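In this text the structure is predicted, and so the values were computed from the model without any measurement.
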Amino acid sequence: MLESISHLAFPLQALIATLMTWGITALGACVVFLLKSPNRNIMDAMLGVAGGVMIAASFWSLLSPSIEMSESLGMCPWLVALGGFICGGILLFMGDRIFTHLSEKRAAMQSGGLKRCAMLIFSITLHNIPEGMAIGVAFGSLAYGLEGSTQIGAWMLALGIGLQNLPEGMAVSVPLRREGFSRSRSFFYGQLSGIVEPISAVLGALLVLKVRTCLPFLLAFAAGAMIYVVVEELIPESQTNENKDWMALFTLIGFSIMMVMDVALG
């Protein structure tokens, strides 16, 4: 199946990949239809694996190609990589600050369920925009044949983001269910938080294809956004598990999988 998809235009490949991540978000939101709570150990292990995959992808699929292309374009490699990486992290940092501010306001609201729902969706959507762009940039960069930029790497990056979208879908739908929303409405708003990923992925891929000189910066930018998500959300959340040593091991497993897939098979 991947063989046939690989012949499609890169923005279309990015769209297909992020439709998959959106589907995984919807799968996470489906938990409201189940009677039992999901197994905490399994979910934390998946977060650990996703974190490892995304750390490895940030280097081999994003930073390494960024440095290589900067050199080929006569730019200062370390400066471009540093600038893009820091800007990507700052974007998500600012997003977190904005959401924290809005969350504090929400606590004082006398509004109905729809506004509370909007705040819950906003928190996850804020993270999904740069995540979708990271996938789009990874696929768009394939057009330039960079040594570190591979089809496997782009798909593994999408898979890593998809895995961490599973608990994100749950993070929206479950609280809404607790607030009295129906199962169907809770699921709808939970999966809706992932719809921005396909949109931002196509935009990211198109931007890379149209403006080649922006690619090194955008690759590093996406890497910074990825690392921020991993450090701020995935690893800390998985480490709240009482078996945190096992969760750390799953992070290493995720990193190893991505490293082997990208280096050995790429």
Review point. Is any side-chain heavy atom of L159 closer than 4.5 Å to a side-chain heavy atom of M156?
Key: yes

Point to revise | Interatomic spacing from OG in S72 to CE in M69 - rounded to 0.5 Å | key: 5.5 Å

Practice item. Identify the two heavy atoms, one from A14 and one from A205, that lie closest to each other, and give their separation to 0.1 Å. Key: CB-CB, 4.3 Å

Point to revise | Sub-4.5 Å side-chain heavy-atom contact between R185 and S182 | key: yes

Review point. For the hydrophobic clusters of this structure (ILVMFWY residues joined by side-chain heavy atoms under 4.5 Å, transitively), does one cluster hold both M259 and I235?
Key: yes

Practice item. Scan side-chain atoms only and decide if Q191 and T25 contain a donor-acceptor pair under the 3.5 Å cut-off. Key: no

Practice item. Decide whether V231 and I90 are clustered together by the hydrophobic rule: side chain heavy atoms of Ile, Leu, Val, Met, Phe, Trp, Tyr closer than 4.5 Å, transitively. Key: yes

Check your understanding: Atom CG of L15 and atom CD1 of I135: how far apart are they, to the nearest 0.5 Å?
Key -> 11.0 Å

Study note, to complete from the structure: Taken in chain and number order and not counting sequence neighbours, the residues that satisfy ring pair (Phe, Tyr, Trp, His ring centres under 6.0 Å) with F139 are W155

Review point. For the ring pair F255 and W60, is the centre-to-centre distance below 6.0 Å?
Key: yes

Review point. Got I55 and M226 here, is their nearest side-chain heavy-atom distance under 4.5 Å?
Key: no

Revision key, fill the gap. V80 and S66 have their tightest heavy-atom pair at CG1-OG, 4.4 Å

Exercise for review: Kindly give the heavy-atom pair with the smallest separation between A138 and L157, and that separation in Å.
Suggested key: CB-CD2, 3.8 Å

**Study point:** Of all pairs that satisfy salt bridge (Lys or Arg N to Asp or Glu O under 4.0 Å), the ones with a partner from residues 79-93, not counting sequence neighbours
**Key:** none

Exercise for review: Measure the CG-CG distance between L19 and L12 for me, rounded to the nearest 0.5 Å.
Suggested key: 9.0 Å

Practice item. Measure centre to centre between the rings of F187 and F33, then say whether the value is under 6.0 Å. Key: yes

Check your understanding: Under a 4.5 Å cut-off applied to non-hydrogen side-chain atoms, are F85 and I227 in contact?
Key -> yes

Check your understanding: For the atom pair CZ (F93) and CD1 (I86), what is the distance rounded to the nearest 0.5 Å?
Key -> 12.0 Å

**Study point:** Atom pair CG (L79) and OG (S70), whose distance is rounded to the nearest 0.5 Å
**Key:** 9.0 Å

Review point. Under a 4.5 Å side-chain heavy-atom rule over Ile, Leu, Val, Met, Phe, Trp and Tyr, are M133 and L62 clustered together?
Key: no

**Study point:** Considering all heavy atoms, the nearest A17-A158 contact
**Key:** CB-CB, 3.9 Å

Check your understanding: Same cluster or not: are L142 and L206 linked, directly or through other Ile, Leu, Val, Met, Phe, Trp or Tyr residues, by side-chain heavy atoms under 4.5 angstrom apart?
Key -> yes

Point to revise | Connected via hydrophobic side-chain network under 4.5 Å: F221 and L207 | key: yes

Check your understanding: Considering residues at least two apart in sequence or located in another chain, which fulfil the side-chain contact (heavy atoms from CB on, under 4.5 Å) criterion with E71?
Key -> I67, P77

Review point. Do the side chains of S238 and K244 get nearer than 4.5 Å, heavy atoms only?
Key: no

**Study point:** SG-CG distance between C214 and L73, expressed to the nearest 0.5 angstrom
**Key:** 10.5 Å

Check your understanding: Side-chain contact, heavy-atom cut-off 4.5 Å: V49 with T251?
Key -> no

